[in-house]
Number of protein chains: 2
Amino acid sequence: MKVVPGGGAAVSGPLSRKLQGFGRLEEADAAALAMVEAGTRLVPSGTDLVREGDRPEGMIAITEGFACRYKLRENGARQIMAYLVPGDVCDFDASVLNRMDHTIGTLSTCRVARVAPEASRDLRARPAVAGGLRMAALVDEAILREWIMNLGRRSAVERLAHLFCELLVRLRAVGLTLGNSYDLPITQLDLADTTGMTSVHVNRSLGELKRAGLIERKGRRLTLTELERLMEMAEFRPNYLHREMPEAA
Amino acid sequence: MKVVPGGGAAVSGPLSRKLQGFGRLEEADAAALAMVEAGTRLVPSGTDLVREGDRPEGMIAITEGFACRYKLRENGARQIMAYLVPGDVCDFDASVLNRMDHTIGTLSTCRVARVAPEASRDLRARPAVAGGLRMAALVDEAILREWIMNLGRRSAVERLAHLFCELLVRLRAVGLTLGNSYDLPITQLDLADTTGMTSVHVNRSLGELKRAGLIERKGRRLTLTELERLMEMAEFRPNYLHREMPEAA
DNA sequence: CGCTTATTTGACTACGGTCAACGCGAGTGG
DNA sequence: CCACTCGCGTTGACCGTAGTCAAATAAGCG
């Protein structure tokens, strides 16, 4: 078994970290996931991992960096529909032999694990892993709904505030936060394409949040000073991100 | 076995009609679905079927009318995240014992079938039905993504145009269209809460579409005259609504 | 250090929201 | 049978949030 680079004992990576949030994993489960995490490749920012029209197989998992699902309009406008952060998995075999209706691409340099269909079957043969993946898919869908709420019924600042709160919770689940701060390795243009705005307006809205003392940004580091007020202004209720565990699978 | 009201032989209802779109159903499958459709109740417009915070079980299916998934903001603003049209099913047991993060309510008078957990298990025991439900869930998710695109990157008229095109395809799949027209039993306020606008602006945008000769409305009946131009203006590509069938399940 | 890519700012525009009034048809009750 | 109400649709005047265009800085990066 491959040793996780840069560490002695295999400290659990974001993958097992995330799935553990949905239920206890066995040693062997964690080992299988660590195996996946060991076989990652570094992908530069702005790379498409899976394109619209493709018929992908197996799975891909992100262990470092931000990726996203997006579509383009004919005029070049981009809309991001989902972020893939460390620990997130796309299970293409769950999509039963279909063509992609959108593209998956990296927003920053990413560490990506591609899981072949066979290995992917082996993973899903583990009840705890399969269950975790199913839960994760449900959460992803809940996030899509919340983003619709965000786009349809929140103002510019509120949208950004809500997004930042969501990311805090999601990144905390994989141990990538420090207090109320985390690395946000994406540009204001990316934020604009996420929140349905222009980068100019994102810039102004960020300024507003900063001036209000709600957030702070130093380099890539985003700090949610005054998290309480931020959550309140965005009406952020994290219930959609947490799934309660079934008593028995 | 109960006879479908109002007809001699059990003409396939929207439920089996829809699932057939994802793969051939056996006689017994169709019969089981017809059984579900026979046990429906009429629900008035504006009724919540399942509320945020509930922990529903079994399934519900719509066989007539429009329902929707929605959330409210504290200020009363509503955002609709999905339409449930005849043939659509919510499988709560697939959501593994979780609380609803949104509400499901009727937008018009609806005929609704509630399927108890046991009956729901029986249905899912039928491979063709289970497969169809899984496909349907994937399509629903694709629709969520397309709605995000709609909200984030399309103008008011484009959003409405896109929505109307989507509904044409979805309703055609259950045989509820006549040429390029169908019944749209919802108000302009509902359309506003769907497209993230105000009812005033929906009204004006509808007027614009009418004046351009792209749509026509007589009572509840919506006709997409000039469907080609409508699709083009909305950049509507129905690929996200169609799933290709697997060779073998 | 020089190039490229991001961020920031300003002036102006426009899309869509707000507020308010009016019309209209379907029910409902006198 | 008519008056009344209620919900929905329609229209107008005005406002404000966010988009557009353009240019100046700042920040990475080879």
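Order of the sequence lines fixes the chain letters, A, B, ..., with proteins taken first and strands second; residue numbering starts at 1 for each chain.
- Between B:L206 and A:V157, the one whose closest nucleotide on DNA chain D sits nearer the 5' end is B:L206.
- Among the atoms of the strands shown, none is found under 4.0 Å from any heavy atom of A:G46.
- One can place CG of B:L151 at 16 Å from C1' of C:dC15, the figure rounded to the nearest angstrom.
- Within the nucleic acid shown, B:G219 has no heavy atom closer than 4.0 Å to any nucleic acid atom.
- Checking C:dC19, C:dT7, D:dA18 against the side-chain heavy atoms of A:S155 singles out D:dA18 as nearest.
- With salt bridges taken as basic N to acidic carboxylate O contacts below 4.0 Å, one links B:E158 and A:R73.
- In this structure, A:Q188 atom CD and D:dA27 atom C1' are separated by 12 Å, rounded to whole Å.
- A salt bridge does not link A:R17 with A:E37: every distance from a Lys NZ or Arg NE/NH1/NH2 to an Asp or Glu carboxylate oxygen is 4.0 Å or more.
- B:E208 has its CD atom 12 Å from the C1' atom of C:dG16, to the nearest Å.
- Contact annotation: A:K210 side-chain N/O to C:dT7 OP1/OP2 distance is not under 4.0 Å.
- Within 4.0 Å of B:S199, counting heavy atoms only, lies no atom of the nucleic acid at all.
- A salt bridge between A:R154 and A:E146 is present, with a side-chain N of the basic residue lying under 4.0 Å from a carboxylate O of the acidic one.
- Remark: the A:R204 side chain and the D:dT20 base include a donor-acceptor N/O pair separated by less than 3.5 Å.
- The residue B:S205 sits apart from the nucleic acid: no heavy atom pair falls under 4.0 Å.
- Atom pair B:I186:CD1 and D:dC8:P shows a separation of 12 Å (rounding to whole Å applied).
- Residue A:K218 is classed as having no contact, given no heavy-atom separation below 4.0 Å to the nucleic acid.
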| message | Does A:T194 form a side-chain contact (heavy atoms from CB on, under 4.5 Å) with A:W147? I'd like the steps, not just the answer. | response | CA-CA 9 Å; A:T194 304; A:W147 281 32; 3.5 Å; yes

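- In this structure, A:R159 places its CZ atom 7 Å from P of D:dA18, rounding to the nearest Å.
- With rounding to whole Å, A:N203 atom CG is found 14 Å from D:dA23 atom C1'.
- When the nearest nucleotides of DNA chain D are assigned to B:T187 and A:G196 by heavy-atom distance, the more 5′-ward of the two goes with B:T187.
- In the set D:dT11, D:dG19, C:dG16, D:dG19 carries the atom at the smallest distance from any side-chain atom of A:M197.
- For B:R204 and B:E208, the salt-bridge test fails: no basic side-chain N is under 4.0 Å from an acidic carboxylate O.
- For the pair A:R154 CZ and D:dA18 P, the computed distance is 14 Å after rounding to whole Å.
- Side chain of A:T198, nearest nucleotide from D:dT10, D:dT20, C:dG17: D:dT20.
- Spacing between atom NE2 of B:H201 and atom C1' of D:dG9 amounts to 16 Å, rounded to whole angstrom units.
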